[in-house]
Amino acid sequence: MNKTALIAGATTGIGKASALQLARDGFDLVLAGRNETKGKELVDEIEALGGRADFIRTDMTVEDDVIALVAHTVDTFGKIDYYLGNQGVIYPPKLFHDTTTDDVDMVLSTNVKGTFFGMKHVIKQMLTQPQGNITIMASSSGIRPETGFGVYSASKKAVLGLVHDAALEYAANNIRINAIAPGGIKTPLTDATIKSAIDRNFVQPRPTIPLLNGGDLGEPQDISAMVSHLASDASKYMTGSVISIDGGITL
Ligand SMILES: NC(=O)c1ccc[n+]([C@@H]2O[C@H](COP(=O)([O-])OP(=O)(O)OC[C@H]3O[C@@H](n4cnc5c(N)ncnc54)[C@H](O)[C@@H]3O)[C@@H](O)[C@H]2O)c1
């Protein structure tokens, strides 16, 4: 019987690269996201690789959507071996005093409440199984201070709190929970952020990425390789870990 993975925020960037990697690793997949067209295209791509996948339109900020997503995964595949809580949003870079209530609501709702809903309902299911395995996508922004993203950084720090607390609470139930903290990965989110900084003349005093890497940012595959490791039994002794993949930007 194949293992089953559920991915939230699966249709673009890091989520998409992770879905394709886990399909290659032999997982049956349930892909959750808001864009039906992109979701169906990704299902086709995975089926062309010989994999099995379903797309379920899900807004992770809506608890009933998350409950229905988990129920669909269990109805279809009988269990959830691995959950990747990857959905995330950011706003155009701006200083603290320019950050709006809408920015705060959007970021906390998706990054914190959505992460909590995903973990809560997946953990409820995993408690009925012999074991469970969860990875949450944090950020280098939740580890070091950065100019222009105060509330986003706070949301990613909050995510680490959820991961650490839950890792401890459910370790005795054989559910392990880890976080990846990417930094500077080429995805639609990064493209949009860089473009809005340029358009709005927002000068962000950023440290350069220490690792030479051909002068380039990271690729989604730099993250999906770690997702593959965390989803496998090769990482069976890891829980509560935060793994930085950021070219050394948090050093
Ligand atoms: N790209 C980077 O450099 C970087 C750095 C640090 C952290 N991250 C984190 O990695 C994760 C993936 O980001 P990415 O860079 O691949 O960008 P992305 O924009 O390609 O991916 C984010 C995905 O989340 C989905 N999403 C957003 N809100 C949602 C909601 N309410 N319900 C369901 N899906 C929702 C989006 O539609 C999108 O598919 C995010 O959590 C992001 O904060 C990215």
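As the structure lists them, so they are numbered: ligands from 1, and atoms in each ligand from 1.
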Item checked: Residue, atom name and distance, where the atom is the protein heavy atom closest to atom 7 (C) of ligand 1 -> Ala138 O, 3.2 Å

Item checked: Min heavy-atom dist Lys156 to ligand 1 below 4.0 Å -> yes

Next item on the list: May I ask you to decide if the ring planes of Phe117 and His121 are parallel, tilted or perpendicular, using 30° and 60° as cut-offs?
Entry: tilted

Check: Can you find an N or O of Gly33 that's nearer than 3.5 Å to an N or O of ligand 1?
Finding: no

Notebook entry, point to check: Tell me, do Phe202 and Thr147 make a side-chain contact under 4.5 Å, heavy atoms counted?
Noted result: yes

Check: Which protein heavy atom lies closest to atom 43 (O) of ligand 1, and at what distance to 0.1 Å?
Finding: Tyr152 OH, 2.7 Å

Notebook entry, point to check: Any ion pair linking Arg52 and Asp28 (charged N to carboxylate O, less than 4.0 Å)?
Noted result: yes

Next item on the list: Do me a favour and list the nearest non-hydrogen protein atom to atom 5 (C) of ligand 1 with residue, atom name and distance?
Entry: Pro182 O, 3.5 Å

Next item on the list: Distance to 0.1 Å, residue and atom name: give those for the protein heavy atom nearest to atom 19 (O) of ligand 1.
Entry: Leu189 CB, 3.5 Å

Item checked: Proximal ligand 1 atoms for Ser139, defined as those under 4.0 Å from one of its heavy atoms -> 6 (C), 7 (C)

Notebook entry, point to check: Which of the atoms in ligand 1, numbered in the order shown and given with their element, are less than 4.0 Å from a heavy-atom of Gly88?
Noted result: 22 (C), 24 (O), 27 (C), 40 (C), 41 (O)

Margin query: If we set the cut-off at 4.0 Å for heavy atoms, which region of Phe117 has an atom near ligand 1: side chain, backbone, both, or neither?
Written below: neither

Margin query: Would Asp25 and Ser228 count as a side-chain hydrogen bond (donor to acceptor under 3.5 Å, both in side chains) here? Give the steps.
Written below: CA-CA 7 Å; Asp25 293 345; Ser228 172; 2.7 Å; yes

Item checked: Non-hydrogen atoms of Asp81 and Lys3 that approach each other most closely -> OD2-CA, 3.2 Å

Notebook entry, point to check: If you measure only the distance, is there a donor-acceptor pair under 3.5 Å linking the side chains of Thr135 and Tyr82?
Noted result: yes

Checklist line | Proximal atoms of ligand 1 relative to Thr11 (non-hydrogen, under 4.0 Å) | finding: 39 (O)

Notebook entry, point to check: Under 3.5 Å, is there a donor-acceptor pair between the Asp103 and Thr100 side chains?
Noted result: yes

Checklist line | Interfacing atoms of ligand 1 (cut-off 4.0 Å, heavy-atom, Val89) | finding: 27 (C), 28 (N)

Margin query: Against Val242, only a single residue in Ile143, Ile136, Val163 fulfils side chain to side chain contact (heavy atoms under 4.5 Å, CB included); can you say which?
Written below: Ile143

Next item on the list: Starting from atom 15 (O) of ligand 1, find the nearest protein heavy-atom neighbour and note its residue, name and distance.
Entry: Thr187 OG1, 2.6 Å

Next item on the list: For Thr190, counting its heavy atoms only, list the atoms of ligand 1 lying under 4.0 Å from any of them.
Entry: 1 (N), 2 (C), 3 (O)

Check: Taking the non-hydrogen atoms of Pro188, is any one of them nearer than 4.0 angstrom to ligand 1?
Finding: yes

Notebook entry, point to check: Can a donor-acceptor pair be found between the side chains of Asn111 and Ser155 at a distance below 3.5 Å?
Noted result: yes

Notebook entry, point to check: Quick one: which of Ile194, Asp222, Leu217 gives a side chain to side chain contact (heavy atoms under 4.5 Å, CB included) with Lys186?
Noted result: Leu217

Checklist line | For Gly184, the ligand 1 atoms whose distance to one of its heavy atoms is below 4.0 Å | finding: 3 (O)

Next item on the list: Answer yes or no: is there an ion pair linking Asp191 with Lys195, defined by an N-O contact shorter than 4.0 Å?
Entry: no

Note to self: For atom 3 (O) of ligand 1, what's the nearest protein heavy-atom neighbour? Residue, atom name and distance, please.
What the structure shows: Ile185 N, 2.7 Å

Check: Which atoms of ligand 1 sit under 4.0 Å from any heavy atom of Thr58?
Finding: 32 (N), 33 (C)

Margin query: Using heavy-atom distances only, which candidate in Arg34, Met60, Lys16 approaches atom 28 (N) of ligand 1 most closely?
Written below: Arg34

Next item on the list: Please report which non-hydrogen protein atom sits nearest to atom 16 (O) of ligand 1, along with the residue it belongs to and the distance in Å to one decimal place.
Entry: Ile14 N, 2.8 Å

Margin query: Using a 4.0 Å cutoff against the non-hydrogen atoms of Thr61, which atoms of ligand 1 qualify?
Written below: 31 (N)

Note to self: Restricting to non-hydrogen atoms, name the atom on Met126 and the atom on Ile80 that form the minimum distance, rounded to 0.1 Å.
What the structure shows: CE-O, 3.5 Å

Next item on the list: For atom 38 (C) of ligand 1, find the nearest protein heavy atom and state the residue, atom name and distance (0.1 Å precision).
Entry: Thr12 OG1, 3.2 Å

Next item on the list: Taking all heavy atoms of Asn86 and all of Gly9, pick out the closest pair and write down the distance.
Entry: ND2-O, 2.8 Å

